[in-house]
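The analysis underlying the following values was restricted to heavy atoms, covering all of them including side chains, and did not include hydrogens, waters or symmetry mates.
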Amino acid sequence: MTRLLLLCGAVLAVIPFRAEAACPEPTLVECQSYSYQTGTCWTEKRSRCEALIDAAYQAERATLTKSRVALVPKDLSSATDPVATQQGVSTEQTVAALPPTPYASVYARGSTGKYAGVVQKVRLFELSPTAYLPQTSSEALSSAVSSFSRTAVVPEELLGQVGPLEYTGGVPCTDWWCMETDLDPRGPSIPILPLGTQVTWPVSNDVAKVISLRTAVPRPAINDYVRILANAPGAAQMSAAKVAHVDFRHPWEKDGRVVNSCEEYVWQRYTTFSRFETRAAELGGDYAAVFDAAYSSGSPGISNRPIRDEVGNTTLTITFPSSSPKNSFFAWNWNQSDTFAYPNGTPRKFDWFGPGSGPRLAKLSAGYNYWTWDWNKLRTEGQWYQANFNIDLMEELDAKKYAFEQLLAKRRATYREHGEAMNVLLRQVTCTDGAGFPLHGFPCGRPIPGLAELDAQVGEQLYALDTLIDAALTEADALGCLSATRTACDWSPRGFLRLVTEIVDPRREADFARCVAVTANNFGSTGRLATLESAGIPKAGIPPGDYNASSVALTSLIEGIASYIATVKAKFPIDPASGKPKLGASDSDEQSIGSGVFGARYGYSVGWELMGFGTDAKLSDANIHVWSRFNADVSVLGGSTNVIDAVAEVKPYGTTQFERDVHVRVLGKDLFTPLSGTSPDPTWNIVITGGVKQKLAETYAIIVIVAVPVKLSAGVSGDVGFTANVYGALERKPDEDTSKDGIALVVEGGAGPRMGLSGFAAAAVELVVVRAGIKGELTLLALELPMSVNVSVKLTTDGSFVLEGDTRMDIVMRALSGRIAVFLESIFGDTEQDLVNWSGLELRENVFQQQLEPVSLTELKAAFTGVF
Amino acid sequence: MSKAVQTQAGPARRWRLPLAVALAVVGGLGALWATRSPSAPPEFGFRIPRGQRLIYALEWRSADSVALAGGAQGVEGTLDLAGKLVLSGLGVQSSAQSRVDVQLAELSRHQLQVMGSEVFPDGPTAEADLTGPRAVMILEPTGRVVSVSFQNEAPPVFKHLINGLLTETQVILPAAPWTPTPEETWEQLTPVLQGEAQLRYRVAAPPTKDALQLVRARTGFKSLRSLEPQVDLSRQVHLVSSGAITLSGAGHLASLEETHALTVDAPTPGARPLLRSQSQLRLDLVRVEDFDPTELERRPAPTHTLKPGELAVTTQTDRQLLEQRAEGTNLRTVLTDLLTFGAAGRMPDHNRWLWRVTGLLQLHPELCAQLLPAFRDPAVGPKGRALILDLLATAGHPLGQDALRQAIRHAQQSVPTSEQVMLLQRLSLVAEPDAQTLEFIARTHAAAVTARDRDTELASLYTLGAALGRGGDPQQRRELNQVLVSALEEAQDSIQRDAALRALGNAGQAENLPRVLAQTAATEPTTRRAAAAALRSPQTRETTDALVGLLRDPQPAVQIEALTSLDEHRLTPSDLEALATVVLSGATAREADADLVNFLAQHLHTSPAVPRALEFIANRGPGQQLEARIRSLLAEARSVQAAMP
């Protein structure tokens with residue numbers, strides 16, 4: 001027994017020693033290894049490891065800060081010299097371009113939104129007419145079509161013309177595996193339509209193209225094709241007329257020149273450009289062909305001629321800027337102070353002009369005013385660039401140029417907003433001049449409260465942006481884009497299209513907005529337009545008339561109202577529909593776009609409104625409401641997730657204060673917003689991979705191809721943020737005597753979401769002799785909706801209340817733009833196929849801007865008696 | 001003459017000596033024994049005895065095309081394989097399962113293309129990859145293949161093809177031993193290459209002593225690979241399938257010939273089919289012979305075992321995907337970027353950078369700890385610190401969470417409270433928080449309560465709710481959920497109450513619903529609004545109804561919150577009808593109009609009540625811009641309605 005106890009004691013005594021021995025002091029390499037960090041000693045030796053890792057970091061820190069040059073994406077790294085690339089194009093780039101089928105599976109749902117939304121839907125419709133349909137009805141239609149296609153036969157007159165059809169939507173039916181139910185091009189069994197191949201439906205795919213060739217139907221759009229099949233048994237289930245309604249432009253064609261919506265109004269007002277855009281939409285991602293179409297002599301060409309409406313009147317002459325930079329990188333210029341300047345009080349400034357900067361500055365300066373574009377110059381240069389550079393390379397560089405433009409725009413906006421914010425601070429400073437009169441906006445030699453903090457905050461933002469701009473320019477230089485000679489960065493067919501549409505778009509959006517403002521898009525018998533048509537506006541000299549007879553007639557009404565409003569010369573905006581002062585502005589939209597691989601949905605509602613300044617209202621009861629609400633979802637490989645849901649609102653609460661309401665939800669989870677202090681303006685960096693709803697960890701799509709699994713992983717990454725810095729002060733002074741009744745309020749600040757999400761993918765096939773991969777990137781949704789508000793009602797020294805303000809909201813959006821392709825490499829060469837290749841929605845617009853010059857509330861009340 | 005034929009006689013030994021041997025169809029290839037008693041009906045079951053070799057002529061042609069989740073184009077491939085399939089019996093186990101060596105030989109055609117690329121560069125490579133390695137199949141007496149095992153180092157293409165072949169041709173009898181009757185039919189749910197298929201078998205002709213003929217066809221799929229789960233298998237799938245299996249009187253499979261064509265329509269008309277798969281497979285027994293299995297038995301036991309239909313996707317493939325995603329990024333680049341651009345919180349080509357770096361951290365979890373010095377580096381700044389935590393949260397694995405906790409601990413000592421609050425909430429984004437992370441959040445909350453640090457207390461409450469909604473074992477979840485419940489019950493003011501409700505909403509636990517529902521009648525509008533937010537998950541009849549009811553709340557903010565939550569619910573036409581009734585009654589506030597329209601626009605074609613509700617909003621003067629949007633939506637609704645068959 002004693003022996004046993006001794007033995008136990010000995011064992012117990014040894015245990016601590018053994019434990020010590022089991023975890024000897026680790027080396028740095030051990031600490032950095034996976035096995036050590038997941039082993040038993042990690043907890044015990046963690047602090048030692050952290051010290052070692054920290055020391056290694058500190059030892060390397062100095063070299064780390066110097067070693068970064070630029071981030072050159074791998075897919076461009078082999079083409080650092082575009083000129084060299086031109087001579088020896090890389091293997092990957094020489095792979096023959098696949099037939100473009102960019103929108104074969106894209107859907108778009110939701111409101112039309114701005115006119116850009118109409119353009120987007122036209123594009124979708126041209127490439128996949130039914131894709132833009134809402135899913136529920138698509139399913140219903142699909143069911144009908146499915147049963148129809150199985151029973152229908154190709155009409156006799158088509159038989160001789162169609163064959164041989166090469167159905168390339170799936171497996172080509174030219175070999176033994178063609179099932180007997182497939183469209184057999186060889187025999188008399190051709191009348192049997194294929195099971196599941198939906199020949200009746202995919203009018204945009206290769207079948208339609210072949211039919212186009214064989215039947216000489218120039219473009220067998222859905223109506224044409226359904227008409228072809230209309231004689232077939234079973235066609236009654238889906239008459240041509242019914243399907244035709246699905247194309248929202250069909251009624252526009254059917255009603256001749258009559259205008260029945262604001263969308264139709266703009267469409268007709270820019271008829272020749274609409275035709276060009278339709279052709280461009282058909283061509284999808286083939287921008288070189290779009291370039292050629294612009295220069296075609298007849299329709300749909302647009303070069304060297306004015307844009308005309310449906311009756312042939314000129315509505316717009318495209319005039320290019322008098323000078324343009326050599327490429328977007330040259331837009332950074334030291335003569336443009338907002339590209340490099342800092343607020344005075346900024347403690348840290350990026351050194352753009354330090355030692356060694358001379359050569360780059362000289363290069364940039366030389367390319368600032370480079371091009372003087374006109375239609376002929378664009379044509380000759382465009383042809384030269386296409387002959388000398390690989391189009392894929394030009395398109396990839398185009399994406400980089402766009403990113404740089406956004407960066408520079410962000411810098412300019414930040415600098416401009418600093419100026420606006422400074423003015424707000426200035427306005428709050430009041431001192432008196434020598435005669436004792438108040439001077440608003442003059443600091444009178446005193447420091448402006450809050451300005452130093454503002455300068456420091458904005459200065460840091462500008463510094464951060466400048467580091468990014470500098471990196472982008474360094475990268476551009478490495479890619480040859482800052483060269484004085486012509487490079488692949490200087491021109492691209494897609495850039496050409498953007499150049500043209502950026503001239504046309506603002507005009508169309510403005511016309512669309514004016515139409516909405518006058519008609520509310522209500523062309524029915526009970527709408528305002530109907531009233532205007534029957535009664536006119538005698539005071540404005542606008543007689544009754546048939547104003548929706550054509551876009552010309554509607555334009556005359558819109559311009560008549562606009563010109564009358566201009567004569568009123570009010571200090572406040574006038575609602576053209578009611579003729580009353582418009583003390584507020586709002587906008588909302590909801591869109592859902594994408595495909596089964598990637599998709600995005602967003603919705604927003606933003607605006608501000610002053611209420612209670614009408615004729616009968618008591619001033620002290622007046623209210624102001626500012627709101628910005630936004631939400632967005634993304635879907636990857638069919639799994640959808642809520643990325644952000646954010647709200648910022650300011651509205652009066654009680655008699656003396658404002659209620660500020662800020663809520664943010666990211667990836668489906670509410671985040672706490674601190675109760676006090678300013679909003680930290682946070683950003684969340686997110687990465688979402690396929691099947692996110694089930695599991696946030698990686699989920700892959702595994703595709704089995706003839707027993708070989710091909711594994712695909714797709715994901716979305718980017719950042720989302722929401723600014724919510726709107727604040728206010730309020731004082732109500734109720735009094736039964738209306739001459740004494742009053743209110744003082746100030747609401748100012750900015751709110752709005754921003755997000756930039758890109759889609760990526762990876763592919764792997766487990767065969768030793770084949771390597772798979774993915775190239776490219778898709779801008780899934782990049783969106784900014786900044787709103788700034790500065791509205792105040794103040795009591796002046798003469799005892800009157802004065803309203804003044806300045807509000808603005810912009811929208812900058814790019815969605816579904818880019819290309820992701822799977823490539824396989826084997827010793828037989830490379831091949832690649834597009835997963836997505838989209839040229840999606842782009843929008844850069846001022847949604848509203850209202851400047852209220854100081855106006856006394858008495859004057860304002862008078863205006864409410866009605867202008868019309 | 002083969003041994004199998006020689007052993008036909010002897011009715012007295014019918015159970016011990018199979019008379020009809022060796023039906024072994026690839027995958028279902030095995031020996032079939034049948035009785036030969038003239039008086040008794042024949043019985044069948046699969047069995048391949050030790051030392052018996054079955055040699056089949058094989059022809060397999062297949063063409064597949066998959067449009068990735070409805071993607072623009074697709075991934076395509078073709079296979080054309082012809083040669084010999086050799087099955088060698090290694091013995092019958094006590095469970096009556098046969099162990100069978102499987103080998104391909106004498107290939108005359110071996111074309112395999114994926115996306116137009118030849119997989120085999122030349123004949124010798126194909127021969128080496130396909131005829132060199134061997135597999136071992138375990139076969140049940142019913143014909144069901146239990147497993148197929150390979151040497152680890154066998155070429156992946158061999159594993160894919162053999163397992164695919166055995167999966168596709170598995171013939172499963174209703175029982176073993178089994179006595180077939182004329183016209184007898186049965187069905188089996190069987191894994192095939194495209195998913196799980198329903199197979200219907202029929203005895204095609206009365207069994208005779210010379211032959212047993214079966215026919216089979218695939219009649220449908222219970223699940224399909226490569227496709228989104230939303231695919232409607234009853235409507236979108238079109239299948240043409242037929243197969244004939246003939247067993248000789250000797251019990252061998254005389255022939256198997258099958259043809260399948262599968263098409264899965266895209267949900268969107270006009271889009272290419274999601275999947276097209278066509279295959280022809282033919283097997284003919286050439287001969288049965290004896291062999292000495294000793295040499296085969298001396299080989300090392302195979303270690304990589306697959307079930308029929310299981311894809312031989314190894315972790316190596318996962319690594320390939322991550323390596324591709326990381327695109328050669330390394331720790332040094334990441335640290336340099338953080339030091340150079342961290343203060344901005346953005347990197348050049350930010351989105352790609354995030355994609356690459358999170359790929360790297362998933363590939364090498366041990367690097368997470370090495371980001372901590374950068375986190376502690378003042379040069380990185382608050383935005384850079386937030387970015388590092390986002391990277392760690394996305395990495396998500398235990399080492400990532402470990403580093404995340406360490407970083408937050410450091411921040412709790414070194415950065416202002418307002419930043420701490422934002423950093424702590426990065427834990428909400430971890431996909432699967434582990435037990436330590438949950439514990440860490442709970443401790444942080446308890447400490448904040450003790451220290452009366454209101455912001456941290458509420459932020460940790462939100463975070464705890466979010467983490468509980470994503471992870472934790474049931475026991476831990478129950479315990480920590482109690483923290484949220486207590487916070488609600490012991491709330492001193494509406495701010496605490498609202499925070500507790502939002503935390504409960506983040507957790508989304510069904511057990512909390514009664515408490516949340518009770519708060520929909522609270523006096524404070526902010527509390528009713530928080531309750532509306534909390535009802536977004538889980539979706540139940542009660543929560544959907546409660547949210548629709550909240551659209552009548554006098555406060556617009558509560559109505560809008562209810563709409564936001566309803567966005568997370570899958571609504572039926574009758575739900576939308578109920579919602580539209582509320583709108584048509586005029587109970588919803590004008591301030592909610594824009595949000596209502598955004599909501600209804602998503603359901604425009606689901607219920608006729610939706611356009612009615614929109615019309616109502618348009619007619620009550622919601623402002624020109626919003627009215628214009630509604631008019632566009634109504635025009636679209638009318639268009640589609642007219643197009644409906």
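- A:N642 touches chain B through its side chain: at least one heavy atom from C-beta onward sits under 4.5 Å away, while N, CA, C and O do not.
- Proximity of A:V666 to B:S428: side-chain heavy atoms (C-beta onward) are nowhere separated by under 4.5 Å.
- The main-chain N or O of B:E366 is found under 3.5 Å from a side-chain atom of A:Q37 such that the two form a donor-acceptor pair.
- Listed by chain and residue number, nothing satisfies the side chain to side chain donor-acceptor pair (under 3.5 Å) test with B:Q425 (two or more places apart in sequence, or in another chain).
- Using a distance-only test at 3.5 Å, with no hydrogens or angles considered, a donor-acceptor pair links the side chain of B:N598 to the main chain of A:Y604.
- At least one side-chain heavy atom of B:N351 sits less than 4.5 Å from a side-chain heavy atom of A:F760.
- Chain B forms more heavy-atom pairs under 4.5 Å with one residue of A:E649, A:E60, A:Q58 than with any other, namely A:E60.
- For B:Q406, the side chain to side chain donor-acceptor pair (under 3.5 Å) partners at least two apart in sequence or on another chain are A:E50, B:R409.
- Only the backbone of A:S33 comes within less than 4.5 Å of a heavy atom of chain B; no side-chain atom from C-beta onward does.
- Under the 4.5 Å side-chain criterion, counting only non-hydrogen atoms from C-beta, A:Y34 is in contact with B:P365.
- Contact of A:D719 with chain B is made through backbone and side chain together, with heavy-atom distances under 4.5 Å.
- When each of A:Y463, A:Y57, A:W684, A:F523 is checked for heavy-atom pairs under 4.5 Å with chain B, A:Y57 comes out on top.
- For the pair A:E475 and B:P348, the minimum side-chain heavy-atom distance is 4.5 Å or more.
- Contact check for A:F672 versus B:L461: no side-chain heavy atoms found under the 4.5 Å cut-off.
- Of the possible polar contacts, one joining the B:N506 side chain to the A:D670 backbone as a donor-acceptor pair under 3.5 Å is found.
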